[in-house]
Amino acid sequence: MTSERLILAQRRLERAARRAQADGRVPALSAALYRADRDPWTFTVGDSGNEAHPLDDDSRFRIGSVTKTFTAVLVLQARDDGLLDLDDPISAHLDVPAHGTATIRRLLSHTAGFQREPHGDVWDTLIAPGDRQLLDDLARAERVLPNSRRFHYSNLGLAVLGQLVAALRGGTWDSVLRERILDPLGLSATTVEPTADAAVGYLVDAYSDTARPEPQLELGGASPAAQIWSTAGDMARWAAFLTSPDIIDPGAQVLAPASLDEMRWPLTTTDETLWSGGFGLGLILVPQGKRVVHVGHDGAMPGFLAGVYGRRGGEGNPGALGAAVLGSSGTAGEINDLVHELLRIAVEEDPAEIQPWKPGPAAPPEYRSILGPWWSEGMQFVFAWHDGALQARGAEAPVDRPPAIFRPLPENPDLLRTLSGREAGELLRLTRDEDGAVVRMHWATYRFTRIQETFDNIPVSYGPDV
């Protein structure tokens, strides 16, 4: 890309941020974009409200419920370390007086039926329960819906999961957060408590241009749901991690890419009639069309809104593409819209360079006889070897549909596990002739042959009279 085109792309990002700040009447707005192939882009506009620390890239904002994505990653870490199963009831790991049958998976996807907030009028008193009190108060909290009935957002549910992680690790939630996520990823501007350079959060008057600072609630035992403060730069990098952990955390110090894949799989929609958003394991999923999805979370606390998302898939995506928009207004929806606009601008105005194709190694000898067209259930599939793996796709499948990818079992190269795509998890079984060539396959038990056959093994070309 020419430097002139890059400058024009950044001007469009800046203009979008300025427009959101002006239209939303946001006292202070900080935006950032992270991508694998460029230096990070950051931009601020407005006034921090903190005379000692004028607004800049280092200004901290409260990120509210974006905190939940960190707690969710801590839960998956514990699962990967063998400390829990996602289908365990919370009572298997925590001493709770009620609702112990709620499973960890359901709490992560907001389908456990927990009431939205901890017991009591926290938003009136601005006094949050402590760690133990939060759990003891479950005796007075409701399951407002049956388990797994439908989506119902719950700060209480994620707060309980944070207490679970702390108990399993033998520390506090904030100490575990620092040790197991923030330090390994270098998110040094992300803290549980506000720092001296924190922006002031405001409620902007709906009918005039005045604004009043909001009080800041320390969430105590509910901190795992919404306590964190951070910068847009740190949050854009975090969003990039949620979509491309192999790039941001190549050594998988924080979480294996396969576990992030699991977190991103949609478990519920948030609206039964408008399937425009859903939840995985602690992550919001916002489809963008053409097999593109934005993955992350929004956040809201008194005086603050945040949007933190990464982009998965799509043409022009350079990988590790994450954006964050943090604002010091509790009511400006433009903040949450802008983060998605920045991601779109990035791939439209500054797409990743198209890398030239280069010849690669041939398929291993034992799999070469598989390559090419096969038939099953009257439909044609094409098997190929690319990027070091056997792949398959329907001959008429849309070009943007990812192929199925296979990996041979260590003990038997003629049995291959489907890693992703169509029939993920199922086995592909190879049958060879006396010369070792593959002459028949069974995938998820369905027969695959080189010519089109009926289910009783008759080539369809023989006609109806055979």
Side-chain angles (χ1 to χ4, degrees), residues 80 244-247 250 252 256-266 290-291 293 312-315 317 319 354-466:
D80 289 356
S244 303
D246 52 320
I247 296 174
S259 294
L260 262 300
D261 286 343
E262 187 177 355
M263 293 180 70
R264 292 189 298 262
W265 187 263
K290 297 184 178 180
R291 299 190 181 276
V293 63
R312 292 274 295 175
E315 186 176 355
N317 192 333
I354 298 174
Q355 299 301 315
W357 177 84
K358 297 179 180 179
E366 63 268 29
Y367 297 126
R368 291 175 189 170
S369 59
I370 298 174
L371 306 185
W374 292 78
W375 294 85
S376 181
E377 298 182 85
M379 297 182 292
Q380 190 179 65
F381 294 78
V382 176
F383 284 72
W385 186 271
H386 295 298
D387 300 322
L390 183 67
Q391 302 183 4
R393 59 185 301 116
E396 298 182 0
V399 295
D400 63 345
R401 179 175 294 172
I405 299 177
F406 305 92
R407 180 177 63 196
L409 301 186
E411 66 276 12
N412 186 350
D414 284 351
L415 281 177
L416 298 93
R417 183 74 65 187
T418 314
L419 298 183
S420 61
R422 177 187 173 99
E423 306 293 2
E426 296 279 1
L427 287 173
L428 175 69
R429 186 173 77 249
L430 312 182
T431 300
R432 300 179 184 272
D433 63 16
E434 62 275 10
D435 297 323
V438 176
V439 293
R440 189 168 59 257
M441 301 188 293
H442 289 81
W443 186 13
T445 76
Y446 286 88
R447 186 175 67 253
F448 281 68
T449 55
R450 280 297 192 182
I451 60 173
Q452 196 176 20
E453 295 180 355
T454 61
F455 272 86
D456 55 351
N457 301 316
I458 307 298
V460 67
S461 60
Y462 286 9
D465 300 326
V466 176

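On a predicted model such as this, the values are computed, not experimentally measured, just so you know. Here, residue 1 is the first one in the sequence, and each next residue gets the next number.
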Nearest 0.5 Å, please: how far is [atom2] in [Y] from [atom1] in [X]?
| X | Y | atom1 | atom2 | value |
| --- | --- | --- | --- | --- |
| Tyr462 | Ile451 | OH | CD1 | 6.0 Å |
| Glu423 | Thr445 | CD | OG1 | 8.5 Å |
| Leu430 | Leu416 | CG | CG | 5.5 Å |
| Asp261 | Leu419 | CG | CG | 11.0 Å |
| Thr418 | Leu427 | OG1 | CG | 7.0 Å |
| Arg312 | Leu260 | CZ | CG | 8.5 Å |

Quick one, Val439 with Arg432, criterion side chain to side chain contact (heavy atoms under 4.5 Å, CB included). Give me CA distance, side-chain angles, the key distance, then yes/no. CA-CA 5 Å; Val439 293; Arg432 300 179 184 272; 5.9 Å; no
Considering non-hydrogen atoms only, spot the tightest contact between [X] and [Y] and give its length.
| X | Y | answer |
| --- | --- | --- |
| Arg450 | Leu371 | NH2-O, 3.1 Å |
| Arg264 | Pro245 | NH1-CD, 4.2 Å |
| Asp435 | Asp433 | N-OD1, 2.9 Å |
| Gln391 | Phe406 | C-CE1, 4.1 Å |
| Gly319 | Ser244 | C-OG, 4.0 Å |
| Thr449 | Glu453 | CG2-OE1, 3.6 Å |

Tyr367: partners by ring pair (Phe, Tyr, Trp, His ring centres under 6.0 Å), with sequence neighbours left out: none
What donor-acceptor contacts under 3.5 angstrom involve side-chain atoms of residues 376-390, with partners at least two apart or in another chain?
unit_1 : atom_1 : unit_2 : atom_2 : d
Ser376 : OG     : Arg447 : O      : 3.0

Checking the side chain of Arg368 only, and the main-chain atoms of Ala363 only, is there a donor and an acceptor separated by less than 3.5 Å? yes
Please say whether more than 12 non-hydrogen atoms of neighbouring residues, nucleotides or ligands are located less than 6.0 Å from CD1 in Ile354. no
Minimum side-chain heavy-atom gap Trp375-Val460 below 4.5 Å: no
